[in-house]
Amino acid sequence: MKLTHSALLALATSLLPFSHASHHHLRSDPVAEAPQISMSVERTIAGVSVLDTPIIRAAQAYARDHGSPFVYKHIMRSWLFGALILKYNNTLSATVDREVHAVAALLHDLGWDQNPTSNSHIVSPDRRFEVDGAIAARDFLKAQLRNNLFSYANGKKWTAQRIQLVWDSIALHTQASIAYYKEPEVEVVAKGIAMDFQGPGYGVTGEEYARVLREFPNDDMRKGVNETIIWLCGTKPGSTFGESFS
């Protein structure tokens, strides 16, 4: 039987080592912790060292505005798991554009936007949610360019090629058979997202994985994914097929 992208996404949730500590809440939002910066620096989130630039901060805030709490926690975990993959792979670490990786990971589920207060025009009536998200991320980046809010991490300007890498990373993130053989940025984005469903791998330790979960708990992930897949099937059945879990 050939499973579709949404079915595979929902199926992967059954493998997720869910937290049973439902009393956990999302901790203080790192988006608001520091002023905007103009140079490439690092910050630490859940014990993970990540690149810190204005465009990454803006993407993080945009993702929170256009996603439910469970989606926000998922995209944060996905970003951090990708950063940990880079930590343990010298080849990828020397190759991957960390700012592209961060922005793509943070914006990869914009196509799941159900926030009634966001006045979103992201979700289309007919496109796959991955394509909706990719288009929305590209529009977000172009808007930042128009407003002169782009950062130049390590001297890298936001070229059309970098924007395309973000688009590809988001559009293909559920298609491992393609994404894992694309550019390294696309590969790492997809693997970090998959790790959130499948558990630690690629050298990431159990303690590192657990530390991320403590900061961004996944106890609402199963319910959130089920409800989102059902919503997608109801609103755009022509491009979405999925299954839920009882």
Side-chain angles (χ1 to χ4, degrees), residues 5 8-9 12 15-17 30 37 39-57 59-60 63 74-109 130 133-134 137-138 141 150-213 215-216 218:
H5 66 288
L8 288 171
L9 181 62
L15 303 176
L16 183 65
I37 53 177
M39 298 298 293
S40 171
V41 298
E42 303 280 327
R43 60 174 160 152
T44 300
I45 304 175
V48 182
S49 180
V50 294
L51 187 66
D52 188 15
T53 68
I55 195 67
I56 292 174
R57 295 259 181 176
Q60 189 180 349
H74 163 59
I75 60 101
M76 288 298 295
R77 292 192 303 267
S78 299
W79 174 30
L80 297 175
F81 292 147
L84 286 170
I85 290 173
L86 294 178
K87 173 183 174 181
Y88 289 103
N89 189 311
N90 291 334
T91 300
L92 286 175
S93 182
T95 305
V96 166
D97 183 328
R98 294 169 66 207
E99 195 171 39
V100 165
H101 166 256
V103 171
L106 289 166
L107 301 182
H108 81 266
D109 272 337
E130 302 96 326
R138 181 176 61 197
L141 289 170
F150 270 56
S151 60
Y152 297 135
N154 299 320
K156 293 182 178 179
K157 294 185 178 181
W158 272 91
T159 62
Q161 181 183 15
R162 296 181 80 206
I163 295 174
Q164 187 64 48
L165 280 174
V166 170
W167 199 100
D168 289 351
S169 296
I170 295 173
L172 296 172
H173 77 265
T174 62
Q175 304 298 309
S177 61
I178 300 173
Y180 288 9
Y181 302 95
K182 284 276 290 176
E183 292 84 356
E185 290 82 3
V186 181
E187 175 189 356
V188 175
V189 168
K191 287 182 175 179
I193 295 166
M195 192 182 295
D196 195 30
F197 291 95
Q198 299 169 355
Y202 307 107
V204 178
T205 69
E207 175 53 34
E208 289 172 320
Y209 193 87
R211 190 181 299 124
V212 173
L213 292 186
E215 189 73 19
F216 301 99
N218 64 357

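- For the atom pair CG of Leu165 and CG of Asp97, the computed distance is 7.5 Å after rounding to the nearest 0.5 Å.
- Ile85 contributes atom CD1, which lies 7.0 Å from atom NE2 of His101 (distance to the nearest 0.5 angstrom).
- Judged by distance alone, the side chain of Gln175 and the main-chain N or O of Leu172 form no donor-acceptor pair under 3.5 Å.
- Heavy-atom minimum distance, Ala137 versus Leu107: CB-CD1, 3.9 Å.
- Atom-to-atom distance recorded for Ser78:OG and Phe197:CZ is 7.0 Å, nearest 0.5 angstrom.
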Next item on the list: Report the C-alpha separation of Glu99 and Ile56 in whole Å, then their side-chain angles, then the decisive distance to 0.1 Å, and conclude whether the side chain to side chain contact (heavy atoms under 4.5 Å, CB included) test is met.
Entry: CA-CA 7 Å; Glu99 195 171 39; Ile56 292 174; 4.0 Å; yes

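- Proximity of Arg57 to Arg43: side-chain heavy atoms (C-beta onward) are separated by under 4.5 Å at one or more points.
- Here the shortest heavy-atom pairing between Ala190 and His173 reads CB-O, 4.0 Å.
- For the residue pair Val188 and Gly82, the shortest heavy atom distance occurs at CG1-O, 3.7 Å.
- For the atom pair Asp168 CG and Arg138 CZ, the distance stands at 10.0 Å (nearest 0.5 Å).
- Note that CD of Glu183 is 8.0 Å distant from OG of Ser169, once rounded to the nearest 0.5 Å.
- The two residues Ile170 and Ala104 have their closest heavy-atom pair at CG1-O, 3.7 Å.
- For the atom pair CZ of Arg98 and CG of Asp52, the computed distance is 10.5 Å after rounding to the nearest 0.5 Å.
- Annotation: side chain of Trp158 is in contact with side chain of Val166 (closest heavy-atom distance under 4.5 Å).
- The shortest side-chain heavy-atom distance between Leu141 and Ile55 falls under the 4.5 Å cut-off.
- Annotation for Trp79 and Ala102: closest pair NE1-CB, 3.3 Å, computed over non-hydrogen atoms.
- Taking each heavy atom of Leu92 and Asn89 in turn, the nearest pair found is N-OD1, 2.8 Å.
- At least one test fails for Lys191 against the ring of Phe81: distance under 6.0 Å to the centre or angle within 45° of the axis.
- Between Arg77 and Met195, the closest side-chain pair of non-hydrogen atoms is not below 4.5 Å.
- Residues Leu84 and Tyr209 are not in side-chain contact: their nearest non-hydrogen atoms beyond the backbone lie 4.5 Å or more apart.
- Using a 4.5 Å heavy-atom cutoff, the side chains of Glu215 and Met76 are not in contact.
- Within a 6.0 Å radius of CD in Glu207, other residues, nucleotides and ligands contribute more than 12 heavy atoms.
- Ring planes of His74 and His108: perpendicular class, angle over 60° (limits at 30 and 60°).
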Next item on the list: Decide side-chain hydrogen bond (donor to acceptor under 3.5 Å, both in side chains) for Ser49 and Glu42; before the verdict, give the C-alpha distance in whole Å, the side-chain angles of both, and the deciding distance to 0.1 Å.
Entry: CA-CA 6 Å; Ser49 180; Glu42 303 280 327; 2.8 Å; yes

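- Within the 4.5 Å cutoff, the side chain of Tyr88 has heavy atoms near those of the Thr205 side chain.
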